[in-house]
Visitor: 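Structure below; questions to follow.
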Protein chains: 2
Amino acid sequence: MSQLPDARPSDSRPSDARLADLAVLIARNRPRFRTATEFVEAAMREAILEGVLPAGAPLRQEDLAAAFGVSRMPVREALRQLEARALVEFHPHRGAVVAEISAEDSADIGAIRAALEPAALRLSLPHLTADDLALAAELIAEMDAEADPGRMGELNRRFHMTLYARAGRPRLLALVEQHLSAADRYLRFQFSALGYHPRSQDEHHALLAACRAGDADAACGIVVRHVIQAGEQLSAFLDGRG
Amino acid sequence: MSQLPDARPSDSRPSDARLADLAVLIARNRPRFRTATEFVEAAMREAILEGVLPAGAPLRQEDLAAAFGVSRMPVREALRQLEARALVEFHPHRGAVVAEISAEDSADIGAIRAALEPAALRLSLPHLTADDLALAAELIAEMDAEADPGRMGELNRRFHMTLYARAGRPRLLALVEQHLSAADRYLRFQFSALGYHPRSQDEHHALLAACRAGDADAACGIVVRHVIQAGEQLSAFLDGRG
DNA sequence: GACTGGTAAATTGGATCCAATATCCAGGCA
DNA sequence: TGCCTGGATATTGGATCCAATTTACCAGTC
């Protein structure tokens with residue numbers, strides 16, 4: 001992981017073009033992560049959010065280390081970070097497990113989204129560009145054509161984040177994305193079980209229209225309803241099989 | 001730290017009362033932290049929020065380990081958790097530092113609070129008891145008598161959390177408390193520099209009154225204004241010495 | 001047959017050890 | 001003189017090792 005040479009060339013005629021190409025090449029080839037811990041943390045977060053590591057799954061440090069081809073230590077540090085994000089739970093001396101999902105937790109996340117997302121949208125909306133709106137429209141179209149639940153969640157997340165992106169509040173946006181992802185974990189169930197798809201798409205269209213019109217109040221109202229009703233539907237679904 | 005016996009009694013007549021007492025006794029006597037990592041994490045978080053470890057301070061793992069009387073490993077895990085909470089920043093191979101504070105970050109936190117706190121209050125307000133309101137009033141009174149900025153922040157945080165506590169959304173409340181604490185870090189400057197004290201207390205009184213009256217809209221309006229104007233004042237202060 | 005007690009295996013938490021990287025400073029070269 | 005190069009040092013990132021705790025299993029007893 002860290003013993004790769006940094007691709008530092010000994011080429012001694014540094015034309016600007018060459019340097020630029022080089023930077024691109026380095027950027028691409030640079031192992032996406034500078035430390036093993038970062039790598040493991042990102043991979044595990046994705047695995048949990050994607051459902052590859054299902055809720056309740058025990059996380060044996062030794063096994064994970066072997067799977068990632070590293071020692072236990074980066075795994076431990078990554079698990080600690082994920083714990084702080086409420087994606088895994090530690091039980092002292094008994095190990096970590098992927099955080100369980102529940103109707104209560106779903107409602108909790110829904111309440112947080114319903115509070116944060118309109119705030120982000122209100123800040124972002126005045127600064128949205130035509131390109132942003134075009135991209136959002138494109139993402140809606142892609143969702144229409146998409147069947148795979150995993151890709152679906154990804155597109156949904158990108159659609160929402162595109163509309164919030166100009167808020168210029170990194171911390172707020174990070175929180176929003178975090179809970180959007182967390183909600184994805186829950187929605188994964190629902191996508192296959194219930195066909196909540198068409199209605200959701202209607203709301204996406206309405207939201208985009210309100211954004212185009214620059215109508216913050218309307219847009220926020222749609223977002224809140226969108227989030228709330230998704231949460232309720234999901235809570236009902238989870239309750240029905242708790 | 002972890003070699004204390006678990007106080008498991010061999011008493012073989014388990015009356016319910018005895019069991020309950022036992023649970024209390026165990027809970028009280030159980031070392032507050034079960035692992036060194038938990039201990040270090042809690043202590044460091046407090047130290048950062050209290051300002052004992054000021055913004056920008058380098059966090060040498062060896063020194064911290066010595067200070068806590070443990071090895072570097074629990075320190076490393078604790079630092080990772082604090083990184084996920086945005087309280088420290090890692091620079092690969094260069095070490096960790098206490099997260100810097102800035103006017104932008106202050107505004108960011110203000111926006112988050114302004115979104116989350118009214119949501120928490122709205123959920124909590126219908127379930128507030130007379131005791132809750134009495135406690136809140138008491139905390140306001142204590143704030144009047146308090147001069148120390150540290151204790152002040154603590155009281156302010158408890159006052160707000162008392163009003164939100166009945167929201168019944170653990171995740172939401174954790175987020176609220178986290179950002180209330182983060183704001184404290186910033187307010188510490190202000191308390192001594194500017195005398196924003198009296199006005200803030202007026203707002204606290206007004207907020208409590210609205211809660212007593214069960215007027216959610218009014219209470220939320222006050223909270224939002226309270227947070228926003230504290231944020232603005234602070235941003236201005238920080239900008240003025242950027 | 002169920003429960004207590006004790007022992008053994010598995011797994012985590014913590015400490016130590018090694019490698020890799022960044023910083024700092026001296027020295028050579030244009 | 002100024003900049004780049006190279007090595008020494010400090011500090012982190014990662015691996016290995018040991019101890020402590022939990023769990024499972026099995027024997028013995030009521």
Side-chain angles (χ1 to χ4, degrees), chain A residues 1-14 19 26 30-44 57-84 88-98, chain B residues 1-14 26 29-44 57-84 88-98:
Chain A
M1 172 109 302
S2 40
Q3 55 268 39
L4 311 197
D6 210 300
R8 188 174 302 161
S10 41
D11 187 342
S12 58
R13 50 199 163 92
L19 280 179
I26 292 178
R30 167 156 0 230
R32 224 178 319 292
F33 305 97
R34 283 165 306 195
T35 71
T37 299
E38 280 180 24
F39 164 58
V40 174
E41 196 264 343
M44 287 196 55
L59 299 168
R60 295 269 158 276
Q61 298 179 359
E62 198 83 42
D63 298 350
L64 291 171
F68 285 113
V70 299
S71 85
R72 272 177 51 212
M73 170 135 344
V75 173
R76 281 164 63 173
E77 290 189 355
L79 286 174
R80 287 294 179 187
Q81 282 179 296
L82 296 172
E83 185 200 17
V88 313
E89 293 170 7
F90 267 79
H91 301 275
H93 292 278
R94 287 184 7 183
V97 298
V98 178
Chain B
M1 171 114 306
S2 42
Q3 56 270 40
L4 309 198
D6 209 298
R8 189 176 300 159
S10 41
D11 187 343
S12 60
R13 53 205 159 89
I26 291 177
N29 271 34
R30 178 174 329 251
R32 221 177 326 287
F33 304 98
R34 282 166 305 194
T35 70
T37 299
E38 281 181 23
F39 163 57
V40 173
E41 196 264 344
M44 286 195 56
L59 299 169
R60 294 269 156 278
Q61 297 178 0
E62 197 83 43
D63 298 349
L64 291 171
F68 285 113
V70 298
S71 85
R72 271 176 52 208
M73 172 137 344
V75 173
R76 281 165 62 172
E77 290 189 357
L79 286 174
R80 286 294 178 187
Q81 283 178 296
L82 296 172
E83 185 201 17
V88 314
E89 293 170 9
F90 267 79
H91 301 273
H93 293 280
R94 289 184 6 183
V97 299
V98 178

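Convention: sequence-line order gives letters A, B, ...; per-chain numbering from 1.
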Visitor: Which nucleotide in the set C:dG14, C:dG13, D:dA15 lies at the smallest distance from any side-chain heavy atom of A:F90?
Guide: C:dG13
Visitor: So which nucleotide from D:dA15, C:dG14, C:dG13 ends up closest to the side chain of A:P74?
Guide: D:dA15
Visitor: In terms of side-chain heavy atoms of A:H93, which of C:dG13, D:dA15, C:dG14 is nearest?
Guide: C:dG13
Visitor: Tell me which of B:E62 and B:M73 sits closer to the 5' end of DNA chain D, going by the nucleotide each one is nearest to.
Guide: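 Result of the comparison: B:E62.
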Visitor: Does B:T37 have a side-chain nitrogen or oxygen under 4.0 Å from the phosphate oxygens OP1 or OP2 of C:dG13?
Guide: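 No.
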Visitor: Measure CZ/B:R34 against P/C:dT11 and give the value in whole Å, please.
Guide: 21 Å
Visitor: Could you tell me whether B:E77 and B:R80 have a side-chain N and a carboxylate O separated by less than 4.0 Å?
Guide: no
Visitor: Rounded to the Å, how far apart are B:L79 CG and D:dG13 C1'?
Guide: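 These atoms are roughly 13 Å apart.
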Visitor: What is the distance from CD of A:E77 to C1' of C:dG13, rounded to the nearest Å?
Guide: 14 Å
Visitor: I'd like to check B:E41 versus B:F33 (side-chain heavy atoms, cut-off strictly below 4.5 Å). Are they in contact?
Guide: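 A side-chain contact under 4.5 Å is absent here.
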Visitor: Should A:R60 be listed as having a side-chain N or O under 4.0 Å from OP1 or OP2 of C:dT12?
Guide: yes
Visitor: Can you find a side chain N or O atom of B:R72 that sits less than 4.0 Å from OP1 or OP2 on C:dT16?
Guide: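 The answer is no; no side-chain N or O of B:R72 sits under 4.0 Å from OP1 or OP2.
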Visitor: So does B:R76 reach the base of D:dG14 with its side chain, donor to acceptor, closer than 3.5 Å?
Guide: yes
Visitor: What are the two closest heavy atoms between A:E38 and A:R34, and how far apart are they?
Guide: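 Residues A:E38 and A:R34, closest heavy atoms: OE1-N, 3.5 Å.
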Visitor: Below 4.0 angstrom from OP1 or OP2 of C:dT23, is there any side-chain N or O of B:R94?
Guide: yes
